[in-house]
Amino acid sequence: MSIQVLGTGAYLPEKIVTNDDLAQMVDTSDEWIRQRVGVVERRISVNESAADMAVKAAQRALEAAGITADQLELIVAATVSNDEICPGVGAQVQAAIGASCPAFDVNSACSGFLFALDTAAAFIARGGIRYALVLGAERISRILDWTDRSTCIIFGDGAGAFVIAPGENYLTSHLFTKGSREELYIPMDKGNSPFYEKEVAPLAVHMSGQATFKFAVRRIVDDINIVCDQIGIKPADLSYIVPHQANVRIIDFAAKKLGLPAEKFVVNIDKYGNTSSASVAISFDELARSGKLKKGDLIAMVAFGGGLSSAACIIKW
Ligand code: ACO
């Protein structure tokens with residue numbers, strides 16, 4: 001048994017922070033950020049946690065799916081930046097929307113939403129669950145070093161949600177992890193223990209930009225080829241690719257290597273920046289609501305990030 005996507009939703013906080021705003025804070029420029037990353041502006045939360053944003057995305061997905069929160073039988077949320085470790089985003093959303101099902105969080109950085117989706121799909125395949133809610137939500141602004149121009153200009157906050165149910169539309173998936181902190185890591189600082197002697201770097205996204213860039217392009221290309229091979233299609237048979245929004249140049253490089261036209265790739269990094277685990281869910285929601293999708297379209301979602309991790313899947317609309 002597979003799954004179908006019944007409804008999607010997204011939420012972006014109201015505050016817009018432009019590249020010019022950031023140029024007041026660090027040594028950068030609108031021109032550099034547009035050309036090297038593709039971000040024009042991003043949304044930054046001033047009073048909503050990752051869980052608060054996830055609640056709003058969840059409500060929109062439930063409305064689109066035409067079901068109520070009490071019908072949910074599972075919630076799986078992906079995040080690396082909630083205000084609390086416990087209760088998790090899933091548990092906080094459960095309480096806020098009035099659901100009573102089991103809820104838990106997964107952490108696979110920017111690939112987290114696709115890991116969460118695959119986890120929920122496996123629960124549904126096991127049987128006994130009719131409706132599940134899958135969330136990606138980040139207030140990534142809380143874990144950035146706002147004096148580091150090579151990271152703070154990339155990211156933005158937001159949340160996305162899917163309501164899924166048993167069906168035959170999740171055709172295949174592939175998850176990848178290569179445990180490594182060389183390219184990208186997010187330490188949690190030393191913590192409170194008076195006994196712990198090991199040094200731990202301050203809480204922040206630490207990234208080797210070029211190494212992460214190369215990993216990202218390679219993973220998009222490999223993962224798309226793998227999921228296409230798994231169901232016996234060619235990348236050209238895909239109607240759309242919904243990639244993690246990390247850098248528009250990563251998407252352009254991957255499109256060229258795959259021999260696909262840029263128009264097949266959903267791109268909204270200009271408006272929202274990299275919203276980490278929320279990015280694929282937000283982008284898919286935009287595509288689903290655009291009116292462009294036709295019944296039978298094959299859509300690949302693909303993400304990569306800390307871990308290092310990557311993931312891809314193909315959905316039939
Ligand atoms: N403004 C102006 N100059 C800058 C900025 C900035 N914001 N940031 C870096 N520079 C400078 C550097 O200091 C360097 O200057 P130098 O040549 O004098 O030393 C120059 O620009 C080039 O630096 P690079 O690091 O080579 O720049 P690059 O073109 O690689 O862009 C970037 C950097 C945007 C980080 C890019 O490498 C990238 O997008 N990497 C991938 C990020 C990613 O995909 N992350 C994904 C996951 S995140 C997660 O999972 C949490």
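Positions are given from 1, in the same order as the sequence printed here. Keep in mind it's a predicted model, so treat the numbers as computed, not measured. Values below: all heavy atoms of this structure, side chains included; hydrogens, waters and symmetry mates excluded.
Residues passing the ring pair (Phe, Tyr, Trp, His ring centres under 6.0 Å) test with Tyr240, sequence neighbours excluded: none. Every side-chain hydrogen bond (donor to acceptor under 3.5 Å, both in side chains) that Lys56 has, sequence neighbours left out, goes to Glu48. Judged as a side chain to side chain contact (heavy atoms under 4.5 Å, CB included), and not counting sequence neighbours, the contacts of Ile233 are Cys228, Ile231, Asp237, Leu238, Leu298, Ile314. Residues satisfying the ring pair (Phe, Tyr, Trp, His ring centres under 6.0 Å) criterion with Phe284, sequence neighbours excluded, are Phe162, Trp317. When the side-chain hydrogen bond (donor to acceptor under 3.5 Å, both in side chains) test is applied to Gln94, no partner is found at least two apart in sequence or on another chain.
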Atom pairs and distances, side-chain donor-acceptor, residues 187-197, under 3.5 Å, sequence neighbours left out:
from	atom 1	to	atom 2	distance (Å)
Asp189	OD1	Gly191	N	3.0
Ser193	OG	Phe195	N	3.0
Ser193	OG	Tyr196	N	3.3

Which atom pairs, donor and acceptor, lie under 3.5 Å between side-chain atoms of residues 101-118 and protein residues at least two apart or in another chain?
from	atom 1	to	atom 2	distance (Å)
Asp105	OD1	Val89	N	3.4
Asp105	OD1	Gly90	N	2.8
Asp105	OD2	Val89	N	2.7
Asn107	OD1	Ala109	N	3.2
Ser108	OG	Ser309	OG	3.4
Ser111	OG	Ser309	O	3.2
Ser111	OG	Ser309	OG	2.8
Asp118	OD1	Tyr170	OH	2.5
Asp118	OD1	Ser173	OG	2.7

With a cut-off of 3.5 Å and sequence neighbours excluded, list every side-chain donor-acceptor pair involving residues 61-68.
from	atom 1	to	atom 2	distance (Å)
Thr68	OG1	Asp70	OD1	2.5
Thr68	OG1	Gln71	OE1	3.2

Quick one: side chains of residues 32-39, donor-acceptor pairs under 3.5 Å with protein atoms, not counting sequence neighbours, listed by atom name and distance.
from	atom 1	to	atom 2	distance (Å)
Arg34	NE	Asp30	OD1	3.0
Arg34	NE	Asp30	OD2	2.9

Please output the side-chain donor-acceptor pairs of residues 198-215 that fall under 3.5 Å, not counting sequence neighbours, one pair per line with the distance.
from	atom 1	to	atom 2	distance (Å)
His206	NE2	Pro202	O	3.3
Thr212	OG1	Glu183	O	3.3
Thr212	OG1	Ser208	O	2.8

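Counting only residues at least two apart or in different chains, side-chain hydrogen bond (donor to acceptor under 3.5 Å, both in side chains) contacts with residues 291-307 comprise Ser239-Asp297. Within the structure, the side-chain hydrogen bond (donor to acceptor under 3.5 Å, both in side chains) test picks out the following pairs touching residues 219-236 (sequence neighbours left out): Thr172-Gln230, Arg219-Asp223, Arg219-Ser310, Asp223-Ser310.
Distance alone, capped at 3.5 Å, is enough to place a donor-acceptor pair between the Gln245 side chain and the Ile269 backbone.
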